[in-house]
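Accompanying notes for the structure given below.
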Amino acid sequence: MIQPRRFFSLFAALVFSPGVVVSGQDAAAGADLNVIINAHPQPEYGPAIPFRKIPGTSGSLALEIVGDRLYALESNGLSIYSIEDPRNPKKLGHVGGMGNVRQLCVRGRTAFLTSRQCGLWAVDVSDETSPKIISNFDAVEMATGLDVAGDVAFIGNRVYGVQCVDVSDPAKMKHLSTLRTDESQSTCYGKGLLFSGDWSSGEVTVINVSNLLDPKPISVIQLDGYGDGMTIRGNILFASTGQHKKSGPEEGKHGAGHGLDIFDISDPAKPVKLSKIAFPTYYLAPCDYWTPRISGNHCFASDTTNGLFVLDIADLKKPRIIGNLVLPKSDPENPAVHVPFKQIMDPAIPQGDPISSIAVGDGVLYMSGNYTGIYLAEFPGIAKPEPRDFGPPPQLPATPYPGREDGFISSGSELSNSTRGVALHGDFAYTANVWDGVKIYQLSDDAITQIGRIEIPYAADIKRSGDRLYVAEGANGIGVYQIQSPTQIEEISRLRKLPGDSYTFVQYLWAFEGKEVIAASSAGTRMDFVDFSDLANPEVVFSKSGGQLLYGSYAAQKLAKGRYFGLSRHVGGLMVFDLGEKKPKDIWYDTFPLCSQTGGVAAVGDEIFVNRASGYAFFNPEKPTATRELKISKFPSQKELDPDVPDDTPLSRSLFPKNEWEGLPDYDAATGKLAVLNRIFRNIRIYDFSDRSNPRLLKRIDLNSSPYAPTFWKGRVVLPGGYSGLLLEKRGS
């Protein structure tokens with residue numbers, strides 16, 4: 001292996017001798033050839049920085065250093081490495097089974113990590129050789145960004161904004177509040193303020209979190225690209241940007257948003273931009289991560305497939321790039337492992353494995369390659385860990401989130417295990433309460449009374465068909481239960497796992513009267529159909545993927561004309577399946593997006609009600625109409641429709657306006673009522689659609705929580721109310 005001084009001397013030689021080309025073999029006489037020289041050739045990005053892979057590591061999503069330990073998110077979980085010798089990390093332990101892990105914070109002997117569909121995990125790292133999962137918290141939506149200060153975790157839930165969580169007891173984390181921002185991808189706390197890096201809008205939202213039950217936005221900082229990772233030093237905010245540029249002529253924006261913006265935030269209400277430095281223009285839709293880290297007069301800025309850039313920031317108004325590197329396209333130890341995108345594997349371009357995270361060690365920088373492993377570059381005298389200056393920690397409120405909702409009767413707040421799904425059977429309701437299993441309630445005109453509970457380790461969703469309950473049980477697959485009496489439930493079948501090579505975590509289900517085939521989703525791209533007619537041998541009889549994800553319960557709760565099952569994809573198109581025969585089949589898929597990121601569909605008689613460009617439309621599955629040709633109507637009392645997007649490109653999708661009108665709909669054929677629940681804007685509108693040519697708005701109710709898909713009981717709306725528990729619309733409200 002190249003000696004540290006010799007390793008750094010390569011970089012020094014390159015920095016001070018622009019134009020010098022050094023290959024791995026030329027690096028040093030008799031040197032180990034593990035040194036990698038791969039960088040952008042343009043002189044404005046500085047010379048190539050030598051680096052190498054840490055042997056035995058695999059694709060990683062996040063890194064953090066505490067003392068002489070390096071923590072890494074890899075293999076669906078958390079790994080711990082000793083870096084007592086910073087240049088030769090040694091793996092100590094690992095715990096997996098946590099799904100689509102994304103960001104990481106280690107505080108004391110607890111590691112907290114976001115895991116997209118799987119929420120927020122707390123892991124005990126007291127025994128570094130055998131870390132153990134403490135608990136999991138069900139976030140509002142796709143838990144992505146994360147910072148932890150004092151006893152509070154701040155989760156970036158994408159379009160649902162920022163969520164504040166009490167983590168004073170990691171075994172029982174509790175919801176505090178949410179604040180909608182445009183699209184929170186990362187969070188950063190400092191001196192009583194929270195900063196949210198908002199993705200497609202290209203913003204940093206500055207938030208006052210002195211009252212954790214009621215956070216307030218102070219200002220919105222405009223970036224020159226899409227927002228994500230940030231860091232703060234004193235009164236200076238360093239904000240990384242990516243994807244598309246926000247300023248200048250339209251023809252120059254695509255892929256040109258990569259770089260670093262620097263702001264003076266001495267007055268957080270009036271931030272002042274000090275400078276901007278740009279990185280190479282490039283666009284790849286997946287793998288959106290860009291992050292800055294500070295060390296002395298230098299900033300290390302990772303920029304996904306573009307690699308890493310080292311900046312001299314001695315003059316904050318004139319930062320300059322002094323070197324760069326690009327991770328390889330394939331694993332140096334096993335070339336069969338490579339970036340799974342043909343675009344990146346093209347040898348004609350310099351881009352490589354996306355850098356998802358970086359951590360500054362003692363004389364070294366660690367970089368996580370999303371697919372090929374963890375790497376390090378040596379920077380003696382430059383790289384030095386800097387302690388975070390959090391300022392005063394946030395103070396927990398004296399009282400918890402109340403869980404009250406105007407216009408609804410509540411079963412009571414559920415701060416640690418939100419109510420995600422409900423299945424009705426006569427006057428009885430069965431709710432999916434995540435790690436608290438399934439709860440059983442009796443509904444009456446003026447009350448919700450808990451009468452039992454089914455001990456299930458994890459329940460993300462629940463549906464009923466006949467006297468069967470189908471439960472989405474995460475890593476435990478799908479459980480089927482016979483209702484023998486309201487409180488006597490017996491397991492009769494189980495599908496252990498949905499198909500797929502990667503980790504599957506069943507999250508959403510749809511079941512229909514008279515059908516033994518149900519639909520299921522792990523909140524990925526694929527919808528699976530499972531036949532439970534043979535309870536001893538349930539079988540996935542049909543699967544279909546689409547171009548956009550199924551982040552939420554975007555599908556209809558009932559079938560149109562008793563056979564057609566419709567769903568809307570995340571900022572995506574309408575997909576329709578025919579369940580009229582024993583084996584389902586797809587009969588329609590239009591990739592053009594129907595609406596933004598909270599709209600679903602509902603069966604209304606023989607047709608499918610769809611959210612469309614902030615309004616609504618009806619789709620006849622037996623006479624399909626292209627999305628762009630659907631007749632769009634305004635909702636009652638809606639003054640105007642949002643403009644439609646021009647096409648179905650990723651750029652257009654990201655700019656689709658979010659609005660308070662669309663949502664998860666359900667239709668009650670007995671009364672002609674249609675409920676539309678907007679989880680992002682936290683409201684529900686109830687309409688009378690008995691005369692479709694003249695619908696009427698019956699009521700609009702603002703909500704404190706973000707409930708899930710609505711249903712009806714005796715003409716009244718029932719909501720799985722998230723942290724507010726099970727909700728029943730009050731009579732005459």
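Quick caveat, the model's predicted, so the values are computed rather than measured.
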Checklist entry - Are there more than 12 heavy atoms of other residues, nucleotides or ligands under 6.0 Å from atom NZ of K90? => result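 Count not over threshold, so no.
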Checklist entry - Would the number of heavy atoms belonging to other residues, nucleotides or ligands and lying under 6.0 Å from CZ of R388 be above 12? => result yes
Checklist entry - When Y289 is tested against each of N370, T305, D303 for side-chain hydrogen bond (donor to acceptor under 3.5 Å, both in side chains), which residue passes? => result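 Only one option passes, and that is N370.
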Item to check | Verdict with supporting geometry, F309 and H40, ring pair (Phe, Tyr, Trp, His ring centres under 6.0 Å) | outcome: CA-CA 10 Å; F309 300 87; H40 293 279; 5.7 Å; yes
Does the [X] side chain pair with the main chain of [Y], one donor and one acceptor, at a distance under 3.5 Å?
X	Y	answer
T241	G257	yes
R526	G546	no
T304	C287	yes
S295	H298	no
K329	D346	yes
R569	T525	yes
E74	L61	no
Q243	L284	yes
R653	V571	yes
N38	V326	yes

Considering all heavy atoms of both residues, which atom of [X] and which atom of [Y] are nearest to each other, and what is their separation?
X	Y	value
R293	M230	NH1-O, 3.7 Å
S302	L308	N-CD1, 4.0 Å
G307	I355	C-CD1, 3.5 Å
S330	T372	C-CG2, 3.8 Å
Y45	F279	OH-C, 3.8 Å
R107	F390	NH2-CZ, 3.5 Å

Just by distance, no angles: are the side chains of [X] and [Y] close enough, under 3.5 Å, to form a donor-acceptor pair?
X	Y	value
H94	S79	yes
N100	S115	no
D198	Q185	no
T181	T205	no
D85	N88	yes
S201	D182	yes
R116	T144	yes
Q103	S186	yes
S356	S368	yes
E141	N157	no

Checklist entry - N324 and V310: side-chain contact (heavy atoms from CB on, under 4.5 Å), yes or no, with the steps? => result CA-CA 6 Å; N324 82 97; V310 182; over 6 Å; no
Next on the checklist: Set out, in order, the CA-CA distance, both residues' side-chain angles and the distance that settles side-chain contact (heavy atoms from CB on, under 4.5 Å) for L194 and T187, then state yes or no.
Outcome noted: CA-CA 7 Å; L194 182 68; T187 61; 4.1 Å; yes
Next on the checklist: Please evaluate residues Y366 and Y81 with respect to the criterion ring pair (Phe, Tyr, Trp, His ring centres under 6.0 Å), reporting the C-alpha separation (whole Å), side-chain torsions for both, the decisive distance (0.1 Å), and the verdict.
Outcome noted: CA-CA 12 Å; Y366 303 99; Y81 292 83; 9.0 Å; no
Next on the checklist: Let's go through E386 and R233 carefully: what are the C-alpha distance in whole Å and the side-chain angles of both, what is the deciding distance for salt bridge (charged side-chain N to carboxylate O under 4.0 Å, His left out) to 0.1 Å, and is it a yes or a no?
Outcome noted: CA-CA 10 Å; E386 288 193 4; R233 177 200 271 171; 2.6 Å; yes
Item to check | Pair K273 + D261: basic N to acidic O under 4.0 Å | outcome: yes
Checklist entry - Thinking salt bridges, do K91 and E128 make one under a 4.0 Å N-O criterion? => result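 Between E128 and K91 there is no salt bridge, as every charged N stays at least 4.0 Å from the carboxylate O atoms.
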Can you tell me how far [atom2] of [Y] sits from [atom1] of [X], rounded to the nearest 0.5 angstrom?
X	Y	atom1	atom2	answer
L274	I265	CG	CD1	10.5 Å
K53	M367	NZ	CE	12.5 Å
I262	I236	CD1	CD1	8.0 Å
S184	L146	OG	CG	10.5 Å
S219	F263	OG	CZ	10.0 Å
Q597	L549	CD	CG	10.5 Å

Checklist entry - Given H338 and Y371, is the ring pair (Phe, Tyr, Trp, His ring centres under 6.0 Å) satisfied, shown in steps? => result CA-CA 7 Å; H338 56 78; Y371 299 101; 9.1 Å; no
Next on the checklist: I want to check something: taking the side chain as every heavy atom from C-beta on, are Y375 and L327 in contact at a cut-off of under 4.5 Å?
Outcome noted: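 Of all side-chain heavy-atom pairs linking L327 with Y375, at least one is under 4.5 Å.
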Item to check | Close side-chain approach of V360 and K384, heavy atoms under 4.5 Å | outcome: no
Item to check | side-chain hydrogen bond (donor to acceptor under 3.5 Å, both in side chains) between Y282 and Q343, worked out | outcome: CA-CA 11 Å; Y282 195 72; Q343 179 180 344; 3.0 Å; yes
Item to check | Under the side chain to side chain donor-acceptor pair (under 3.5 Å) test, residues paired with D264 that sit two or more places apart | outcome: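 Partners of D264 under the side chain to side chain donor-acceptor pair (under 3.5 Å) test: S266.
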Next on the checklist: Run E64 and R69 through salt bridge (charged side-chain N to carboxylate O under 4.0 Å, His left out) and show every step you take.
Outcome noted: CA-CA 8 Å; E64 179 155 341; R69 296 293 184 262; over 6 Å; no
Next on the checklist: Between D647 and S652, does the side-chain hydrogen bond (donor to acceptor under 3.5 Å, both in side chains) criterion hold? Intermediate values first, please.
Outcome noted: CA-CA 6 Å; D647 51 47; S652 287; 2.6 Å; yes
Checklist entry - For K246, which residues count as a side chain to side chain contact (heavy atoms under 4.5 Å, CB included) partner, sequence neighbours excluded? => result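 Checked K246 against side chain to side chain contact (heavy atoms under 4.5 Å, CB included); matches are D224, Y226, L655.
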Next on the checklist: Checking L63 against I358 for the side-chain contact (heavy atoms from CB on, under 4.5 Å) test, could you report, in this order, the C-alpha distance in whole Å, the side-chain angles of both residues, the deciding distance, and whether it holds?
Outcome noted: CA-CA 6 Å; L63 302 173; I358 54 177; 5.6 Å; no
Item to check | Worked check of side-chain contact (heavy atoms from CB on, under 4.5 Å) between V167 and V152 | outcome: CA-CA 5 Å; V167 297; V152 182; 5.7 Å; no
Next on the checklist: Using 30° and 60° as the class boundaries, would you call the ring planes of Y189 and F154 parallel, tilted or perpendicular?
Outcome noted: parallel
